[in-house]
2 protein chains.
Amino acid sequence: MRADAERSTMRILEAAETVLAADPNAPMERIADAAGLARATVHRRFPTRKVLLEALVEQVNERYLLALQRARVDAAPPAVALHRLTESLFELKVSHRFGIQLTGDVLSPAVIERLDLVFTRLHAAGEITAVRPQWCRQVFRALVHEVDELPPDAPELGPADSPGARADLLVRTLLGALNA
Amino acid sequence: MRADAERSTMRILEAAETVLAADPNAPMERIADAAGLARATVHRRFPTRKVLLEALVEQVNERYLLALQRARVDAAPPAVALHRLTESLFELKVSHRFGIQLTGDVLSPAVIERLDLVFTRLHAAGEITAVRPQWCRQVFRALVHEVDELPPDAPELGPADSPGARADLLVRTLLGALNA
DNA sequence: AATAACTGAGTCAGCTCTGTCTCATTTCCG
DNA sequence: CGGAAATGAGACAGAGCTGACTCAGTTATT
């Protein structure tokens, strides 16, 4: 694969993210335009729309996994790990909104496993009463989405729009929800 | 409008709900089939797909409002009202999954107003610390969705699958989330 | 500089969905 | 019963998207 083609592939993935985030049914041509390429070129890398979507999912799963290991999910105190993970996730959301939304159904097993680890450890530490990691994951994902859609000046985020404000709110809300 | 045509209209709305819940992009013909009618007949009632969708939204808004007044939102203790409202909402979800999902953006002002009333009253009663009804609504809707997707035998719902088990879980979780 | 890889632009057939129209037939309602 | 309304079946044009293909021109690599 020529360095040339590599760049094109990346461009396409980026363009697909931004375009499909705005309109999940956008035609391939709009993605090609956003990437500054011809539609035919997109079809050369990704023969089918389905293939392109799968590539997006895989890409997000990789970054997800990266965020999990940067959060030191298995070593750090679980509440801290959750907080760090959340911060990374919000960053991930700005550049990969569509992909994340798409992974709702098809999170990679590796990601699920690590994610569940956070919640079992939270339970073991007595920070939450909820038992099943699956349920915790569901609530987590839902709240991440809601917090993410909060406008920057929302009172829930506190006075200053500090970078960790969203993560704070999320952790607080999630622990409250899973303690009931 | 002949009694005949009235029935057809209802059939179409019902069919649209069930078909679109499974596939939001399903073609008009599939809706017509599900309604036991010809595609042309559907187009006679609802000239455009857009019009049909709007009708679905309106229908859900009506039922939503009905649920709110049956819950005695303005008189009953707010926690009780919330519980009753939640029960109705879960019922509504089984028959109007698609419409409810669609109303995420376009809830009627009347519904929003009544819904906000619940949360301001909850705050006044000291049951939640969250202030902004908008934020409460967001979290509420998100959790309703997650609880609704829980399988009937989920441990979170308790031993017996009593009718109010889901509402119990939701109220518990929501109050926890909005207290953090 | 030569070769191989990549790309742009255009064309093409095929498919699906939409919305409209017609006309014969069935169904309601007074 | 008889007229009016509603329906089914089918055809129709139009639009949009997809995926494949060609070929001339550009770009990277050795």
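Bear in mind that the values here come from a model prediction, so they are computed numbers and not experimental data. To find a chain, count down the sequence lines: A is the first, B the second, and so on, and within it residues start at 1.
Heavy atoms from other residues, nucleotides or ligands lying under 6.0 Å from CZ of B:Arg97 number 12 at most. Sparse packing is recorded around CZ of A:Arg11, with 12 or fewer heavy atoms of other residues, nucleotides or ligands lying under 6.0 Å away. The number of heavy-atom neighbours closer than 6.0 Å to CZ of B:Arg84, taken from other residues, nucleotides and ligands shown, is above 12. Enclosure of atom CZ in A:Arg132 by more than 12 non-hydrogen atoms of other residues, nucleotides or ligands within 6.0 angstrom is indicated. Heavy atoms of other residues, nucleotides or ligands lying less than 6.0 angstrom from CZ of B:Arg114 number 12 at most.
Among residue pairs with one or both ends in residues 108-152 of chain B, those qualifying as ring pair (Phe, Tyr, Trp, His ring centres under 6.0 Å) are B:Phe119-B:Phe140; sequence neighbours excluded.
Checking side-chain atoms of A:Thr41 against main-chain N and O of A:Leu37 turns up no donor-acceptor pair under 3.5 Å. The main-chain N or O of B:Leu178 is found under 3.5 Å from a side-chain atom of B:Thr129 such that the two form a donor-acceptor pair.
Under a hydrophobic-cluster definition in which Ile, Leu, Val, Met, Phe, Trp and Tyr are linked whenever side-chain heavy atoms come within less than 4.5 Å, directly or via other members, B:Ile112 and B:Leu89 are assigned to the same cluster.
Nucleotides of DNA chain D with any atom under 4.0 Å from a heavy atom of chain B span, from 5' to 3', D:dA4 to D:dA11.
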Pairs under 3.5 angstrom, nitrogen or oxygen only, protein versus nucleotides 13-19 of chain C, please.
from: C:dT18; atom 1: OP1; to: B:Arg49; atom 2: NH1; distance (Å): 2.8
from: C:dT18; atom 1: OP2; to: B:Met28; atom 2: N; distance (Å): 2.9
from: C:dG19; atom 1: OP2; to: B:Arg49; atom 2: N; distance (Å): 3.4
from: C:dG19; atom 1: N7; to: B:Arg39; atom 2: NH1; distance (Å): 3.0
from: C:dG19; atom 1: O6; to: B:Arg39; atom 2: NH2; distance (Å): 2.9

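For residues 11-20 of chain A, proximity to DNA chain C is found at no residue, defined as any non-hydrogen atom under 4.0 angstrom from a strand atom.
Contact annotation: A:Thr41 reaches the phosphate of C:dG8 (side-chain N/O to OP1 or OP2, under 4.0 Å).
A search for side-chain hydrogen bond (donor to acceptor under 3.5 Å, both in side chains) contacts involving B:His96 returns nothing, not counting sequence neighbours.
Minimum interatomic distance between B:Ala55 and B:Leu13 (heavy atoms only, all atoms of both residues): CB-CD2, 4.1 Å.
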### Query
Reading nucleotides 23-30 of chain C from the 5' end, what letters show protein touch, with B for base, S for backbone sugar-phosphate only, - for no heavy atom under 4.0 Å?
----BBS-
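Between A:Asp23 and A:Arg30 a salt bridge is recorded (basic side-chain N to carboxylate O distance below 4.0 Å).
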